[in-house]
Each structure stands twice: as structure tokens, then as C-alpha cells.
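The basis for the numbers below is simple: all heavy atoms, side chains too, and nothing from hydrogens, waters or symmetry mates. Counting convention: from 1, in listed order, for ligands and their atoms alike.
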Amino acid sequence: MAKINTNYRKLQAGYLFPEIARRTAKFQAENPEADIIRLGIGDTTLPLTESVTSGMKAFIDKLSDKNTYSGYGAEQGSQELREALANHYQKYGVDIETSEIFVSDGAKTDSSNIQSIFADDSVIAVQDPVYPVYVDSAVIGGLAGDYADDSYDRLVYMECNEDNGFFPELPKEKVDIIYLCSPNNPTGAVATREQLKTFVDYAAANKAVIIFDAAYAAFIKDSSLPRSIYEIEGAKTCAIEINSFSKWAGFTGVRLGWTIVPKALITENSEAGELNQVWNRRQSTMFNGASNIAQAGGVAVLSGQGQAESQELIDYYMNNAAVIKQGLVEAGYRVYGGDNAPYVWLRLPDGKTSWDFFDELLQKANIVGTPGSGFGNGGEGYFRLSAFGDAERTKEAIERIKNRLKV
Ligand code: MLT
């Protein structure tokens, strides 16, 4: 007799972004004349750059010719792309071997799949608020326990709030896996070297592993802030890094990312090298490699011209972030993030819930944002606006907020 994985029943509500889309579609159906501006999901809106489209088109030409056609590629990614990524890390003074880099179809899948290489009694710590994928995948995999009193009883929640600058204290108890996301989704806070060092030291001392989600690293403008956890001494023994071309180069639909599992990484019951092999085994079995066309695009992003063009995309979005941040400050909100991250995180007036504000913003200003509580309890009372929209529409959205909403 087949039985369903009942862990799915423990998931709370629907996944955040489909829920936002559902409420928005309902509002639009009821108000067909409303001119809705979407600053909710962090989805890119600018087209792929010239280098990327030429790189991908050239690869499609190869696929169109019997003499140059290629089928399955390496599950770990093309050697060319892995080498280009290894070179990319040299810019931060970080040496990564190509065999430590695993190309994937994006950070979201890797950040959840990676849990499968750890023991099923692992204790997972997450920042709160948190990118919901880390939590939901722990729930599905049976690592989160039961939901009671607004939290899962086997997860450790590391509070991130105004008082600690949205970077958590070290967990009080011993944990095994620690998710850190910097630049942070949703708060836009970026961990300093010193802050990351405290976690690297904790992880090394406790043989814990940090899963470092660096999907927004390319948005860091301040050169004193780390773009990779491997800039921190000792991190290779205790951290896995996940990154993506999605936000950096407009690949949210193309799909391409990578994960670094250093050979030096150890756990309580594994020697250096084993986790790298185990992830390799997992990917070889359950993944057939990222699209070869997408990978050709990734190589193009990493070329000199490609990086310069991607920087223009980032500058455009970061200009939006500055517009949003400044406008909200002028409108009287307490505002965070947005300086080295494409998300602006605003504190709502006392007593207003984030879903209340979602509805108010949609109804009065026809703007879609993301309610902070969708990222967990720590997000209640906050709201996230994305800088990935069109520049003119973003300006218009901020004018509407100033004119139609009272703080
Ligand atoms: C977000 O809006 O938080 C992101 O788009 C989610 C994601 O990258 O999956």
C-alpha cells in the first residue's frame, strides 16, 4: 500500500509567492482597471545582455549541426564553465578547484537538495526572517519536526531584527547545519567579515556546516563586505556556498547556478573529501546537468565583456533600490537594506501586520510587495519591496506610496 509523505501536511500555508500571485490575480479580476505595479517577487525584468545572447546563440548553432551537436554533458557542469567560475573566485582572493564546483539549475534547488547529504537527525538553524525554501525543504525531508506555537520544534530560529542589525547571534544550543544568506533575502542586510567569522569559528568548533547562500553577492557595492564565505579564514572546512546567475545576469528563467563543496569540508563522522564525493554522487544520480545552452550563457557572463554588461544590469536595479529607499524614508518609514542588496525592508507602523499592509498597498496604491511574515515570524511587522522592476514604474510606485499611504 502506497502512503503519502505526510511531512507535506506539516507545511504551513502555500508557498509565499504563489499566494501573493493568487491575491494579486483576485484583486486584478475584481478591479480590471487597476494599473498594478509589481515589486513583490525578486524577478528580473531587464533582458539578457548582448554577450549572453551571442554566447547562447553560438551554442545553439553548434547544436544545429550534426558535426558539432552534443547531447548529455557532465552532471557537474562543463569544464569551461567550472574553470571560469574558479577564475571568478580569484578576484576575491579565493582558490577553488574546479572539482569543488557543481553547476546546477539554480540556487533554490541546491539550497534544498543539499540537506539530503546530512544525517536525518541533523539540527538545522535558520535566520528568522528566512527565505522560505530552507524551512519548507527541511519540513518535507522530515528535519523540521512538528509545527506548534508558530514554529517547527526541531528547527533553531536565529532572530534577526532591528536591534542586531538583522544579523543573528550565535545559536545558544549545538546545531549541525546553519543557513546564512548574505546579502540577505529578505532583509537586505549584508554580513561583515567579523560577523561571518564568528559563525565560521562556531561551525569549526562544533563540526557544524554553514550553508551560505550568496545568490545576491554581485549586488555588494561596499568592497569591505565579503562576497564569498571563503574570504573568511577557515571557512573551507565548515561551509558550502551556493550561488546563482539568476539575479546577477537575468537568468531567473534561463536557470543556472552553482554550489561549492570544498574538499576540506568535514563533519563529525566524515573526513575531508567525503562530502564533496557524496554531493557528486547525489548530483550524478538525481541530476543530469544544467542545460548546455544556459551554461554557454554562463560562460559568456563570466567573460570580461559579460561581467561589464551584467554590472550595468546591477547598477540599474541598485538605482531602483536607492529610489525606493529614499522615497520610503521621505514618506516616514524606517527602512533597511537596499544599499548592497536589491531588497528594501521596511518597518511597518506599530500594530500593522504585514498581510494588512499588503492588502492596503494593493488596494490604495495598486502596488504588490511581499509581506514580511511570509518569511517567518521574525518578518511580522515588516514588508519587502524588490528593486528588480522597471525604473520608471518603480519611481511611480514610490510616488503613489508617498501620496496615497499615511505612515
Ligand atoms: C524572492 O523574491 O525572494 C526570490 O525571487 C525568490 C527566489 O529567488 O526563489
Side-chain angles (χ1 to χ4, degrees), residues 11 13-24 36-46 104-115 126-138 140 160 166 179-190 211-219 241-259 290 294 310 313-314 317-318 320-321 324 336-338 340-346 354-355 358 361-362 367-376 378-379 382-390 394 397:
L11 291 168
Y15 185 61
L16 174 61
F17 295 105
E19 175 60 18
I20 290 173
R22 192 189 63 74
R23 289 192 188 213
T24 308
I36 295 178
I37 302 179
R38 288 162 208 273
L39 304 180
I41 190 164
D43 194 4
T44 47
T45 52
L46 291 175
S104 70
D105 66 351
K108 182 178 182 177
T109 33
D110 280 2
S111 67
S112 58
N113 291 336
I114 200 77
Q115 291 177 12
V126 293
Q127 289 170 269
D128 183 20
V130 60
Y131 179 45
V133 172
Y134 317 147
V135 171
D136 284 2
S137 39
I140 292 166
C160 295
F166 300 98
Y179 275 95
L180 290 178
C181 175
S182 176
N184 189 262
N185 181 11
T187 66
V190 185
I211 313 284
F212 189 70
D213 183 344
Y216 299 92
F219 292 82
E241 180 161 304
I242 296 175
N243 207 324
S244 166
F245 288 89
S246 284
K247 314 292 159 98
W248 177 21
F251 275 41
T252 51
V254 173
R255 309 303 312 146
L256 193 68
W258 71 94
T259 285
S310 286
L313 305 183
I314 286 172
Y317 295 133
M318 289 309 288
N320 286 347
I324 297 171
Y336 302 92
N340 293 283
Y343 295 122
V344 175
W345 185 242
L346 62 133
S354 29
W355 277 111
F358 175 89
L361 194 61
L362 186 57
I367 295 167
V368 178
T370 307
S373 60
F375 300 97
Y382 292 90
F383 202 79
R384 192 193 79 177
L385 291 175
S386 153
F388 287 109
D390 172 78
T394 300

> Run the side chain to side chain contact (heavy atoms under 4.5 Å, CB included) check on Thr370 and Phe383 step by step: do they pass?
Replying inline: CA-CA 6 Å; Thr370 307; Phe383 202 79; 5.8 Å; no

> Using 30° and 60° as the class limits, which term best fits the ring planes of Tyr216 and Phe388: parallel, tilted or perpendicular?
Replying inline: tilted

>> My understanding is that only residues two or more places apart in sequence, or in another chain, count here; which of them pass salt bridge (charged side-chain N to carboxylate O under 4.0 Å, His left out) with Arg255?
In response: none

>> Name the residue from Leu361, Ile37, Ile36, Ile41 that meets the side chain to side chain contact (heavy atoms under 4.5 Å, CB included) definition with Val368.
In response: Ile36

> Taking only residues two or more places apart in sequence, or in another chain, which ones meet Thr394 in a side chain to side chain donor-acceptor pair (under 3.5 Å)?
Replying inline: none

> Taking only heavy atoms of Asn185, which atoms of ligand 1 are found under 4.0 Å from at least one of them?
Replying inline: 1 (C), 3 (O)

>> Below the 3.5 angstrom mark, is there an N/O of Lys247, backbone or side chain, next to an N/O of ligand 1?
In response: yes

>> Walk me through whether Phe166 and Gln127 qualify under side chain to side chain contact (heavy atoms under 4.5 Å, CB included).
In response: CA-CA 9 Å; Phe166 300 98; Gln127 289 170 269; over 6 Å; no

>> Need the ligand 1 atom indices (1-based, order shown) with element for anything under 4.0 Å from a heavy-atom of Tyr343.
In response: 1 (C), 2 (O), 3 (O), 4 (C)

> Can you tell me the protein heavy atom closest to atom 9 (O) of ligand 1 and the distance?
Replying inline: Tyr131 OH, 2.5 Å

> Which ligand 1 atoms, with their elements, are less than 4.0 angstrom from a heavy-atom of Ile41?
Replying inline: 2 (O), 5 (O)

> Which atoms of ligand 1 have any heavy atom of Gly42 under 4.0 Å away?
Replying inline: 1 (C), 2 (O), 5 (O)

> Are any of the N/O atoms in Gly40 less than 3.5 Å from those in ligand 1?
Replying inline: no

